[in-house]
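Note that the structure is a prediction, hence the values are computed from the model and not measured. Chain letters run A, B, ... following the sequence lines, proteins first and then strands; every chain starts at 1. Values reported hereafter were calculated over all heavy atoms of this structure, with side chains retained and with hydrogens, waters and symmetry mates removed.
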Amino acid sequence: MPELPEVETTRRGLAPLVEQRRILRAVVRHRGLRQPVPHGLERRLAGAHVRALSRRGKYLLFDCETADREAGTLLVHLGMSGRLWLVDARIPPEKHDHFDLVFDSGRAIRLRDPRRFGLVLWLKGDPLAHPLLASIGPEPLTADFDGAVLHRATRSRGAAIKLAIMDGHVVAGVGNIYANEALFRAGIDPRTPAQRVSRARCDALAREIRAVLGEAIEAGGSSLRDYVGSDGMAGHFQNRFFVYGRGGEPCMRCGTAIRELRQGQRASCYCPRCQKR
DNA sequence: CCGACAACCTGTGAGC
DNA sequence: TGCTCACAGGTTGTCG
């Protein structure tokens with residue numbers, strides 16, 4: 001479900017409802033996520049105070065102070081099928097509702113993740129020093145990322161540019177949808193060897209990555225299948241896809257049929273006329 | 001370091 | 001209707 005815009009939409013929706021609030025209790029119904037949900041998490045979270053909710057790549061970070069005044073971070077990743085939203089704590093959980101964070105307001109944050117590729121961890125100390133976060137590439141929407149950074153990171157890569165921008169160590173948070181869309185907007189064939197993308201085209205690609213992510217956040221993310229935001233409302237950026245999921249349909253710019261192929265076990269969609277190597 | 005591929009898991013839709 | 005297969009928004013680990 002979620003790439004960076006969907007995670008950021010979730011963060012923005014939840015932040016005002018969890019920041020500076022007290023957690024009554026945490027409920028874990030299924031510990032078998034990408035990594036096991038740690039035992040003792042419920043104990044640490046009971047009575048904890050949420051100071052802030054932030055994001056790094058596709059990870060959500062709940063900055064907490066526990067009841068015995070220890071600092072720590074609840075780290076949540078939504079994987080492929082995860083969704084985190086606010087419910088009345090009395091609403092009974094459904095089959096794939098693995099985790100609840102119940103607040104003193106009587107509401108709860110609920111994690112639903114059918115495929116269980118998501119993650120719920122407790123981090124002590126500096127969360128950004130944790131291996132999962134320390135190796136993540138630059139945030140695409142801050143000054144840490146631009147064409148120069150992208151150009152430098154791709155000089156030794158002979159593999160396709162699409163695989164490079166989807167590698168979280170090159171740039172954080174760009175998944176399959178927005179990689180396809182950014183490449184279309186920048187006019188770059190997704191199969192182009194990364195090291196053969198010029199500095200000028202890296203500038204254009206970095207610019208389009210930032211633009212498409214920013215526009216998607218403004219639209220509340222993309223709603224495919226059952227994804228809805230933290231307030232239960234669907235995002236609507238999926239109505240503005242140029243290529244993703246449009247194989248065989250005419251290009252919205254030139255009318256040529258959009259082509260679809262596989263790169264790294266993922267679908268790539270592109271316009272053979274508008275996108276060049 | 002880089003790249004190719006399998007793995008984790010469930011649900012859904014297409015095709016027969 | 002029911003079976004099998006491919007595929008779905010992500011990341012990590014292994015092997016060459």
Side-chain angles (χ1 to χ4, degrees), chain A residues 1-11 29-37 55-60 75-85 94-99 111-121 130-137 140 152-182 191-196 209 212-213 216-217 219-229 234-241 243-248 260-269:
Chain A
M1 175 268 303
E3 295 186 36
L4 189 151
E6 291 73 40
V7 177
E8 177 62 18
T9 297
T10 299
R11 190 198 69 78
R29 303 187 191 85
H30 200 315
R31 307 200 97 86
L33 302 185
R34 191 169 107 209
Q35 291 181 29
V37 177
R55 178 189 58 74
R56 178 76 175 93
K58 295 169 192 159
Y59 288 92
L60 288 169
L75 184 72
V76 176
H77 193 287
L78 300 177
M80 284 280 258
S81 58
R83 166 188 160 188
L84 198 59
W85 82 116
E94 295 186 21
K95 186 176 178 186
H96 299 296
D97 293 344
H98 308 312
F99 179 71
L111 173 69
R112 176 174 299 175
D113 184 7
R115 292 179 73 181
R116 285 188 271 126
F117 290 171
L119 194 67
V120 175
L121 289 181
H130 188 277
L132 285 172
L133 299 178
S135 63
I136 297 182
R152 205 175 311 129
T154 49
R155 286 316 84 192
S156 60
R157 289 184 171 247
I161 185 65
K162 173 156 181 274
L163 298 178
I165 61 173
M166 285 183 69
D167 181 343
H169 305 285
V170 172
V171 56
V174 180
N176 198 34
I177 293 176
Y178 300 105
N180 278 302
E181 294 299 312
R191 299 165 297 179
T192 312
Q195 61 197 173
R196 287 190 38 216
I209 287 171
V212 74
L213 294 177
I217 291 169
S222 300
S223 294
L224 304 182
R225 300 187 172 75
D226 58 352
Y227 170 77
V228 292
H236 54 267
F237 194 74
Q238 69 279 7
N239 299 318
R240 289 164 56 187
F241 292 164
V243 289
Y244 181 80
R246 297 194 62 245
E260 196 162 330
L261 51 81
R262 311 227 110 230
Q263 291 180 289
Q265 304 147 260
R266 316 300 294 274
S268 293
C269 314

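Listed pair A/R115 / C/dG10 fails the phosphate criterion, with no side-chain N or O lying under 4.0 Å from OP1 or OP2. Within the structure, every side-chain polar atom (N or O) of A/K95 is placed at least 4.0 Å from both OP1 and OP2 of B/dT10. Considering only side-chain N and O atoms, A/S81 lies nowhere under 4.0 angstrom from the phosphate OP1 or OP2 of B/dT10. In this model, the phosphate group of B/dC9 is not approached by any side-chain N or O of A/H96 to a distance below 4.0 Å at OP1 or OP2.
Between A/N180 atom CG and C/dA8 atom P the separation is 10 Å, expressed in whole Å. Per the geometry, CD belonging to A/Q265 stands 13 Å off P belonging to B/dC8, to the nearest Å. Following rounding to the nearest Å, A/F241 (CZ) and C/dA8 (C1') show an atom-to-atom distance of 13 Å. The CD1 atom of A/I136 sits 13 Å away from the P atom of C/dG10 (whole-angstrom rounding). The CZ-C1' distance, from A/F117 to C/dG10, rounds to 8 Å in whole Å. Rounded to whole Å, the distance from CZ on A/R112 to P on B/dG11 is 12 Å. Rounded to a whole Å, the CD atom of A/Q263 is 13 Å from the P atom of B/dG3. Between A/D167 atom CG and B/dA4 atom C1' the separation is 13 Å, expressed in whole Å.
Closest approach to the A/R262 side chain among C/dG9, B/dG3, C/dA8 is made by C/dA8 (side chain taken as heavy atoms from C-beta onward).
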Discussion item. I need a per-nucleotide contact map over nucleotides 11-16 of chain C, read 5' to 3'. Cutoff is protein heavy atoms under 4.0 Å; write B for the base, S for backbone only, - otherwise.
Written reply: SS----
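A donor-acceptor distance shorter than 3.5 angstrom exists from the side chain of A/E181 to the backbone of A/Y244, with no hydrogens or angles considered.
With a 6.0 Å radius and a threshold of 12 heavy atoms from other residues, nucleotides or ligands, A/R29 has its CZ atom above the threshold.
Counting heavy atoms from C-beta outward, A/R266 and A/M166 have side chains that approach closer than 4.5 Å.
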Worksheet entry | Watson-Crick and G-U pairing of DNA chain C, under 3.5 Å, as dot-bracket with | and [ ] | .|||||||.|||||||
